[in-house]
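Inspection log for the structure reproduced underneath, given as structure tokens.
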Amino acid sequence: MHEMGITQGILAASVDAVKGEGGTRINEIRISVGEMTEVVEDALQFAFEALRAEPDYAMAAGAVLLVTHVPASSACPTCDGEVFEHGRFDGQCPKCGNPFVEPRSGHELRIDSIDFD
Amino acid sequence: MAEIDLSRPILDRNEELAAGNRALFAEAGVFVLDLMASPGAGKTSTILATIAALRDRYRIAVIEGDIASRVDAEKISAHGIPAVQINTGGACHLESDMIRRAVDALPLDELDLVIIENVGNLVCPTEFDLGEHAKVMILSVPEGHDKPYKYPGIFQIAEAVVLNKVDTMPVFDFDEAEFRTVVGKLNARAPIFPISATKGDGVDAWAEWLAGRVDAVKRA
Ligand SMILES: [Zn+2]
């Protein structure tokens, strides 16, 4: 359950950032999670509900976690860097079949923005 | 109501600390290997076989990550190799601050190779940069050739795959060709080293690959 550790990271960073802006209450935290990461959204939401109740994160007690899933994409060096989207198991270039491609997206684990009062 | 645009990596604290570790390793000229595997895949016996193959060429130490217990560190120490135990106290992976504390207990300047035995788990360790030079995973034959379908992330991030317990191949109906095809699709760069850590088969090829990486860091 590394989603626990990740969720702690989300809450701690969000509380810090909102305090820095003089806010007192977090309404919504928006994050991006790449297709290629091992993060399961159900586990993330479960951990978020459990942890937001902790005293350290009191200002997020009523917060919602909004997850945007980012599809995986890579660039093929033999096709002039052309970028293509792919699933977890078909990372080869669809044009030339080259498996040695450069990952472009899909590994994100990022806090995008926070809504607060 | 207000909004902040943060665009900040969730694990950036870990990544900052990993960068600190990386600088420390570079300064000491020591190569750091992060070994990941399921419980029972043979991490400790693979480490012992690797030590046996390379101990005349390199000064080696081991960092043992475990949820709780010192058993593995004691096994390594019994072979005269410095070993530091990290007990994560329930956490399913190692993080950079734990590695930093363990490294502080080692004579880094007197070492060429540090092997980190990560906590037995195929999911969580993949997300955490420790500042290591390479992540390598061990899969053992009894776990089955279909493991990459269930845990693609670790196969994608590994720089090499050690396939341990190959002596049990006939018993477990392991389809090596299919395994190689799937791993090749997930990660075309990673070499696969079939070994039997306890019998010694294949260990030389794996140790040579590792030695090449250690030498590259020493020359840098
Ligand atoms: Zn191409």
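Excluded from the calculations below are hydrogen atoms, water molecules and symmetry mates; all remaining heavy atoms, backbone and side chain alike, are included. Below, read A as the first sequence line, B as the second, and so on, with proteins coming before strands; counting in each chain starts at 1.
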Original post:
Ion pair present between K95(A) and E82(A), side-chain N to carboxylate O less than 4.0 angstrom?
Top reply: yes
Subject >> Contacting region of R189(B) [heavy-atom separation from chain A under 4.5 Å] >> reply: both
Original post:
For chain B, which of G23(A), S14(A), A13(A) has the most heavy-atom pairs under 4.5 Å?
Top reply: A13(A)
**OP:** Answer with side chain, backbone, both or neither: which region of V18(A) has an atom nearer than 4.5 Å to a non-hydrogen atom of chain B?
**Re:** both
Subject >> Selection from G184(B), A2(B), P152(B) maximising heavy-atom pairs under 4.5 Å formed with chain A >> reply: A2(B)
Original post:
Considering only heavy atoms from C-beta outward, does the side chain of I31(A) approach that of R110(A) to under 4.5 Å?
Top reply: no
**OP:** Examine whether an atom of R30(A) lies under 4.5 Å from a heavy atom of chain B, and if so say whether it belongs to the side chain, the backbone or both; otherwise answer neither.
**Re:** side chain
Original post:
Would you say N98(A)'s side chain and C76(A)'s backbone share a donor-acceptor pair under 3.5 angstrom?
Top reply: no
**OP:** Let me know if N27(A) has heavy atoms under 4.5 Å from chain B in its side chain, its backbone, both or neither.
**Re:** side chain
Subject >> Heavy-atom pairs under 4.5 Å with chain A, option from L6(B), I157(B), I10(B) with the top count >> reply: I10(B)
Original post:
If you count heavy-atom pairs under 4.5 Å with chain A, which of D12(B), D5(B), V182(B) comes out on top?
Top reply: D5(B)
Subject >> Salt-bridge contact D129(B)-R22(B) (side-chain N to carboxylate O under 4.0 Å) >> reply: yes
**OP:** Go through D117(A), D112(A), I111(A), T7(A) and name the one with the most non-hydrogen pairs under 4.5 angstrom from chain B.
**Re:** I111(A)
Original post:
Is there a side-chain contact between W209(B) and V136(B) (heavy atoms, below 4.5 Å)?
Top reply: yes
Original post:
Contact part of Y149(B) toward chain A, heavy-atom cut-off under 4.5 Å: side chain, backbone, both or neither?
Top reply: both
Original post:
How far apart are the C-alpha atoms of F84(A) and H86(A), what are their side-chain angles, what is the distance that settles it, and do they pass the side chain to side chain contact (heavy atoms under 4.5 Å, CB included) test?
Top reply: CA-CA 7 Å; F84(A) 61 97; H86(A) 54 83; 3.6 Å; yes
Original post:
Salt bridge check: are E159(B) and R213(B) linked by an N-O gap of less than 4.0 Å?
Top reply: yes
